[in-house]
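Throughout, protein chains are lettered first and strands after them, A, B, ... in sequence-line order, and every chain is numbered starting at 1. All figures in this text were calculated on a predicted structure; none of them were measured in a lab.
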Amino acid sequence: MIDLTADAEALAPRLLGCLLRQDEVVLRLTEVEAYSGRDDLAAHAAIGPRPRTRALFAGPGILYCYLSHGIHICGNIVCGLPGRGSAVLLRAGEVVAGLEIARERRPGVPDVALARGPGNLGRVMGWTLADSGARLGQDGPVLASGEPPSGIASGPRVGVSVAHQRPWRFWIPGDPTVSAYRRSPRVVTDDRAW
DNA sequence: AACAAGATTAACT
DNA sequence: GTTAATCTTGTTT
């Protein structure tokens, strides 16, 4: 099994290739991002516990969902020690079961793009804000080990303007379900080294 | 009470 | 490359 008490930075690459099942839909994770906790300025945990971020501090093995831009539900797997606020954002995956339902939830979208991008992934899994706080393997999705990925790539997080020098986004290189990288419009530091 | 920004996406030009 | 869609939260008046 997977040790969810590890910090997000250590856990994130290990989640690649893992299987996440929500009801009939099973995803093979191909892209994730680590959010380290209160000391991570880009993390929702940085401001400390709030009603909205309650699930983030509830301890490892919790699903934390948030609403992005009023439209998209994005999901994280909370990890690390309770109260740390560490979590891994699920950015993309390959639908390996429940294709019919996934297609119904995203009509007209090619299979390979069904769960490409965090908002799309949440849509395919059928998540809403009410799923925030669900416990993995109980009232939430089930996480299981899968075939280890052929390789792991890393780089700066998508849409994040701080801590940009740290490679906290991990993906399976060459996988067609991985989302395109879009730099935050606010990044000031020179990141050409990446 | 009003406002701006956001771990985004898809549809434009 | 630009922009609309939509809503919650934190910040400012």
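Using a 4.0 Å cutoff on non-hydrogen atoms, no part of residues 10-24 of chain A comes near DNA chain C.
When the C1' atom of C:dT8 is taken as reference, atom CZ of A:Arg52 falls 7 Å away, rounded to whole Å. Rounding to whole angstrom units, CD1 of residue A:Ile73 and P of B:dA7 are separated by 14 Å. A:Arg123 places its CZ atom 8 Å from the P atom of B:dA10, with the value rounded to the nearest Å. What separates CG of A:Asn76 from P of B:dA7 is a distance of 11 Å, to the nearest Å. Across the protein-nucleic acid pair, A:Ile71 atom CD1 and B:dA7 atom C1' stand 15 Å apart, rounded to whole Å. Atom-to-atom, CG of A:Leu121 to P of B:dT8 comes out at 13 Å; the value is rounded to the nearest Å. The separation between A:Tyr66 atom OH and B:dT9 atom P is 9 Å, rounded to whole Å. The nearest whole Å value for the distance from the CG atom in A:Leu67 to the P atom in B:dT9 is 13 Å.
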| task | Would you sketch DNA chain C in dot-bracket for me? Only Watson-Crick or G-U wobble pairs with both distances under 3.5 Å count, crossing pairs as [ ], other-strand pairs as |, the rest as dots. | result | |||||.||||||.

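Of the candidates B:dT8, B:dA10, B:dA7, B:dA7 carries the atom nearest the A:Tyr35 side chain, counting heavy atoms from C-beta on. Checking B:dA7, C:dT8, B:dT9 against the side-chain heavy atoms of A:Asn120 singles out B:dT9 as nearest.
The distance from the CD atom of A:Glu94 to the CG atom of A:Leu114 is 10.5 Å, given to the nearest 0.5 Å.
Taking only side-chain nitrogens and oxygens, A:His72 never comes nearer than 4.0 Å to OP1 or OP2 of B:dT9. For A:Arg91, a side-chain nitrogen or oxygen approaches OP1 or OP2 of B:dT8 to under 4.0 Å. For C:dG10, one of the phosphate oxygens OP1 or OP2 lies less than 4.0 angstrom from a side-chain nitrogen or oxygen of A:Arg50.
Residues A:Tyr64 and A:Val142 are members of separate hydrophobic clusters, defined by side-chain heavy-atom contacts under 4.5 angstrom among Ile, Leu, Val, Met, Phe, Trp and Tyr.
No side-chain heavy atom of A:Tyr35 sits under 4.5 Å from any side-chain heavy atom of A:Leu56. Using a 4.5 Å cut-off on side-chain heavy atoms (C-beta onward), A:Val25 and A:Arg105 make contact. Looking at A:Arg91 and A:Val32, their side chains never come closer than 4.5 Å, going by heavy atoms from C-beta outward. Between A:Leu63 and A:Leu136, some side-chain heavy-atom pair lies under the 4.5 Å cut-off. Side-chain contact check for A:Ser179 versus A:Glu31: some heavy-atom pair is nearer than 4.5 Å. Counting heavy atoms from C-beta on, the side chains of A:Tyr66 and A:Asn76 come closer than 4.5 Å. Considering only heavy atoms from C-beta on, A:Cys65 stays 4.5 Å or farther from A:Cys74 through its side chain.
The separation of C:dT3 from B:dA5, taken at their P atoms, amounts to 15 Å, rounded to a whole angstrom. Taking the C1' atom of each, B:dA7 and C:dG1 are spaced 22 Å apart, rounded to whole Å.
Of the charged side-chain nitrogens involved, none lies within less than 4.0 Å of a carboxylate oxygen, so that A:Arg157 and A:Glu33 do not count as a salt-bridged pair.
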